[in-house]
Amino acid sequence: MLDSELTLQLIVEAQAGSDRAKQELVEHNLPLIKSIVRRYRNKQIEYEDLMQLGTLGLVKAIKHFDTGYGVRFSTYAVPMIAGEIKRFIRDDGAIKVSRSIKSKTQQINRFIDEYRVKNGKEPTVEEVAEAFGLESGEVIFYMDSARYPLSIYAESEEDGLTLADKIAGKGTPDDAIDKMMLKEVLLSLEPRERKIIMLRYFRDKTQSEIARELGVSQVQVSRLEAKILKKMREQLEG
């Protein structure tokens with residue numbers, strides 16, 4: 001694997017039009033592409049096609065990577081590679097949302113629409129939870145389950161870091177790819193913990209907004225968030 005300094009140098013050269021630098025980056029990142037491709041081997045798509053899609057995603061990452069991001073290139077490249085594959089699978093109709101999740105989400109959406117018409121406003125998460133006998137965090141999970149694998153790479157407006165950045169810990173990029181997107185990590189959290197993480201990283205709420213919703217101080221939310229992230233990190237690192 002290339003060191004970070006040489007990687008950045010090759011990216012600069014590739015963006016300037018060097019096919020040699022681009023090829024070298026692709027060759028040295030093949031293990032990263034393969035580790036992502038393994039997740040999609042059972043989607044009725046040929047392995048060679050998956051590798052081509054993954055390579056296309058990597059090339060796009062090389063093209064768009066800003067050396068001023070302050071993050072590892074591999075961290076930036078992962079969602080680009082996976083996104084290229086998932087986009088193809090989605091458009092090809094091979095990815096199916098879990099029937100039970102889809103059904104529950106449709107029920108929740110109907111409830112929200114009916115509530116809006118009847119009351120002239122959106123129901124709160126707690127009101128939806130009460131209507132369906134769910135925890136607040138479960139409501140948020142259902143509403144965001146179809147899109148959260150990409151959301152872990154969305155940057156927080158407050159500190160510019162992603163959930164992936166914060167829970168990756170000292171694991172290798174491959175470890176992060178294999179573990180970070182597992183739903184079990186979120187589902188293993190206590191309802192209140194899951195609600196904080198879902199609001200913070202999947203609904204783009206600030207700590208102050210979450211504090212108001214929970215009826216606590218922003219400082220308490222900050223401490224809780226740090227504690228939850230540490231807990232998630234420990235689970236991911238085994």
**Student:** Quick one about Q220 and S217 (side-chain donor to acceptor, distance below 3.5 Å, no hydrogens or angles considered), yes or no?
**Tutor:** yes
**Student:** With no hydrogens and no angle check, is any side-chain donor or acceptor of E122 less than 3.5 Å from a backbone partner on D113?
**Tutor:** no
**Student:** When you compare the side chain of V128 with that of T124, does any pair of heavy atoms fall below 4.5 Å?
**Tutor:** no
**Student:** Is it the case that atom CZ in R223 sees more than 12 heavy atoms from other parts of the structure closer than 6.0 Å?
**Tutor:** no
**Student:** Using atom types as modelled and distance alone, determine if a side-chain donor or acceptor of E225 lies under 3.5 Å from a backbone N or O of S222.
**Tutor:** no
**Student:** Is there a path from F65 to V12 through hydrophobic residues (I, L, V, M, F, W, Y) whose side chains come within less than 4.5 Å of each other?
**Tutor:** no
**Student:** Taking all non-hydrogen atoms of both residues into account, name the closest pair between P123 and E127 and its distance.
**Tutor:** CA-OE1, 3.3 Å
**Student:** Between the main-chain N or O of R20 and the side-chain N or O of Q23, is there a donor-acceptor pair closer than 3.5 Å?
**Tutor:** no
**Student:** Under the side-chain contact (heavy atoms from CB on, under 4.5 Å) rule, what do L8 and F73 come out as? Steps first, then yes or no, please.
**Tutor:** CA-CA 8 Å; L8 292 178; F73 173 67; 5.7 Å; no
**Student:** How many angstroms lie between NZ in K86 and CD1 in I36, if you round to the nearest 0.5 Å?
**Tutor:** 10.0 Å
**Student:** Establish whether L30 and L25 are linked, either directly or via other cluster members, by ILVMFWY side-chain heavy-atom contacts under 4.5 Å.
**Tutor:** yes
**Student:** Any ion pair linking E126 and K195 (charged N to carboxylate O, less than 4.0 Å)?
**Tutor:** yes
**Student:** If you define the side chain from C-beta out and look only at heavy atoms, does anything of L199 sit under 4.5 Å from E209?
**Tutor:** no
**Student:** Look up atom CZ in R212 and atom NZ in K205, then write down how far apart they are to the nearest 0.5 Å.
**Tutor:** 9.0 Å
**Student:** Is L56 linked to F88 within one hydrophobic cluster, defined over Ile, Leu, Val, Met, Phe, Trp and Tyr using a side-chain heavy-atom separation of less than 4.5 Å?
**Tutor:** no
**Student:** Distance check, rounded to the nearest 0.5 Å: I196 atom CD1 versus M198 atom CE?
**Tutor:** 13.0 Å
**Student:** side-chain contact (heavy atoms from CB on, under 4.5 Å), that's the test. Do K231 and K227 meet it? Break it down for me.
**Tutor:** CA-CA 6 Å; K231 178 179 179 179; K227 180 180 178 181; 5.9 Å; no
**Student:** If you look at every heavy atom in I62 and A14, which pair is closest and at what distance?
**Tutor:** CG2-CB, 3.8 Å
**Student:** Tell me the closest heavy-atom pair linking H64 and Y76, and the distance in Å.
**Tutor:** CB-OH, 3.3 Å
**Student:** Nearest 0.5 Å, what's the CG-CD1 distance between L50 and I81?
**Tutor:** 12.5 Å
**Student:** Between M80 and L58, is a side-chain contact (heavy atoms from CB on, under 4.5 Å) present by the stated rule, with each step listed?
**Tutor:** CA-CA 7 Å; M80 298 286 282; L58 180 75; over 6 Å; no
**Student:** Could you please spell out the steps behind the side chain to side chain donor-acceptor pair (under 3.5 Å) verdict for Q52 and E48?
**Tutor:** CA-CA 6 Å; Q52 288 183 8; E48 290 76 12; over 6 Å; no
**Student:** Under the criterion side-chain contact (heavy atoms from CB on, under 4.5 Å), I'd like the reasoning laid out for M51 against K34: C-alpha separation, chi angles, the key distance, then a yes or no.
**Tutor:** CA-CA 7 Å; M51 285 298 296; K34 290 178 180 178; 3.8 Å; yes
**Student:** Would the number of heavy atoms belonging to other residues, nucleotides or ligands and lying under 6.0 Å from CD of E130 be above 12?
**Tutor:** no
**Student:** Could you tell me the separation between the CG atom of L229 and the CZ atom of R200, rounded to the nearest 0.5 Å?
**Tutor:** 9.0 Å
**Student:** For L10 and A21, work out which heavy atoms get closest and say how close.
**Tutor:** O-CB, 3.5 Å
**Student:** Over all heavy atoms of both residues, which pair between R192 and V216 is shortest? Give the atoms and the distance, please.
**Tutor:** NH2-CG1, 3.6 Å
**Student:** Main chain of V219, side chain of Q207: is a donor-acceptor contact present, judged purely on distance under 3.5 Å?
**Tutor:** no
**Student:** Taking E193 for the side chain and E190 for the main chain, is one N or O donor matched with an acceptor at less than 3.5 Å?
**Tutor:** yes
**Student:** Using 0.5 Å steps for rounding, measure from the CG atom of N119 to the CD atom of E114.
**Tutor:** 11.0 Å
**Student:** Are any of the side-chain heavy atoms of K60 and E84 separated by less than 4.5 Å?
**Tutor:** yes
